[in-house]
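Whatever order the structure lists them in is the order used to number ligands and atoms, beginning at 1. Source: prediction; values computed, not measured.
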Amino acid sequence: MTATDPVNDCYRPGDGRMALADAVARLKERIDPVTGTETVALAGAAGRILAEPVVSGRTVPPFDNSAVDGYAFATAAQPADGRLRLCEGRAAAGHPFDGQVAEGAALRVLTGARMPDGTDTVAMQEDVHLSDGWVDVPTKLKTGANRRRAGEDVKAGDAILRPGIRLRPQDLAAAASVGVGRLQVRAPLTVAVFSIGDELCEPGGEAGAGQIYDSNRPMLSALLNGAGFVVTDLGILPDDAAVVRRRLGEAAERHHALVTSAGASIGDEDHTVAAVRALGTLHAWQLAIKPGRPIAFGRISDCTFVGLPGNPVAVMVCYVRIVRPMLQRLAGMDWPEPHAFPVPAGFEIDKKPGRREYWRARLALDEAGNLTVAKFPRDGSGLISSLTWADGLIEVAEDTARIERGQPVDFLPFSELGL
Ligand code: AMP
Ligand code: MG
């Protein structure tokens, strides 16, 4: 497949303004992983994307064992007074008891010890009374109390981890528990980030007349890093067609994806658009969302190009709702679907129907102590202060025209969006 092949051009948009759900469905259906695979030790696997299923070759726990420190016995042979003869010896974790516990007897066991033959139940040491070769255990213990069954966690042959997940610490514990020490994972997705514009300058330096600091690039780099991609910061490129084209061409050869902000508006003077078109393909998508209407997707050879809007809030919204899942899919992950939680609105407001809106939001308690969600009072998509104030976004459906106070709205916590 070539970048200009119109049939396989996965970044062709639909007609006109697209609903977010349509845009997502389109990308989801067309994008496949582009990264290779490699084998890594468990110690280095956190945050990596699993490429092959992990199937257990073993039962976990491998044998019935004691959940507590105490005394093991068989309930069937327990006398009415609960008094059992104390056996000589003990069973500890890693040191099973060789013999057989006779009927009417109990054996000292420690947590994790294999259940001694002849026993099915463990009385906790706190609940027993020891006296000269005898042990009094509670008479009402159910058979199997304080016993962990073989296979209660995992059965041999169970698929315990599926490919496409980003490995969390608990996933490593699961792999380790079945004896797997190395995992097949995806090679990291490499992403280059850059900003373009003579008006942009580096934070930390002096801003000249008419200049603004480049705030999108540090945010985007951190967002991409946090998602587990390997990020190259290409810095700020000047408004110079030849330089932009050369730098993008070079970067495309060495990365799976290029991401920029303010590269989405298709104007004659826009060097990003001209450069990507000269090197490959570029499509402007018009999304029926606010903020973040224009977004551009393209390809330079095998490299995916993403042009986000310029305004920082639009960058964030487009990134979390579209770009992150799309890059994660390229990286070999499942397409993540964030969960929205219904929370009563702590405000009332009219909304223009026809587009999906994302309001910067924060959970709060009202005077009665009930959970409610507050909306940042102003809407500008350049207001970075709204992002630093918020702990999530309210997602408002296209057809909504008004929100009444107390009406449930869809709250997307930043944690659901990978932030
Ligand atoms: P544009 O998409 O180029 O029309 O830019 C839209 C808005 O985003 C303008 O107000 C730009 O100044 C602003 N903007 C563009 N790039 C950046 C950036 N890297 N950091 C902060 N603001 C930016
Ligand atoms: Mg610009």
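Phe347 does not carry Arg405 over the face of its six-membered ring by the limits of under 6.0 Å from the centre and within 45° of the normal.
Backbone and side-chain nitrogen or oxygen atoms of Asp214 are examined, and one is located within less than 3.5 angstrom of a nitrogen or oxygen of ligand 1. Residue Ser215 places at least one N or O, backbone or side chain, under 3.5 Å from an N or O of ligand 1.
Relative orientation of the Phe305 and Phe194 rings is tilted, given thresholds of 30° and 60° on the angle between their planes.
Those atoms of ligand 1 with a heavy atom of Ala262 less than 4.0 angstrom away are 1 (P), 2 (O), 3 (O), 15 (C), 16 (N).
If you take OG1 on Thr37 and CD on Gln184, they are separated by 4.5 Å, rounding to the nearest 0.5 Å.
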Yes or no on salt bridge (Lys or Arg N to Asp or Glu O under 4.0 Å) for Glu337 and Lys28, after CA distance, side-chain angles and deciding distance? CA-CA 11 Å; Glu337 298 287 357; Lys28 211 168 158 177; 2.6 Å; yes
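Proximity of Ser195 to ligand 1 is established by a heavy-atom distance of less than 4.0 Å. The closest approach between a heavy atom of Pro309 and any atom of ligand 1 is not below 4.0 Å.
Checked by atom type, the side-chain pair Asp366/Thr372 shows no donor-acceptor distance below 3.5 Å.
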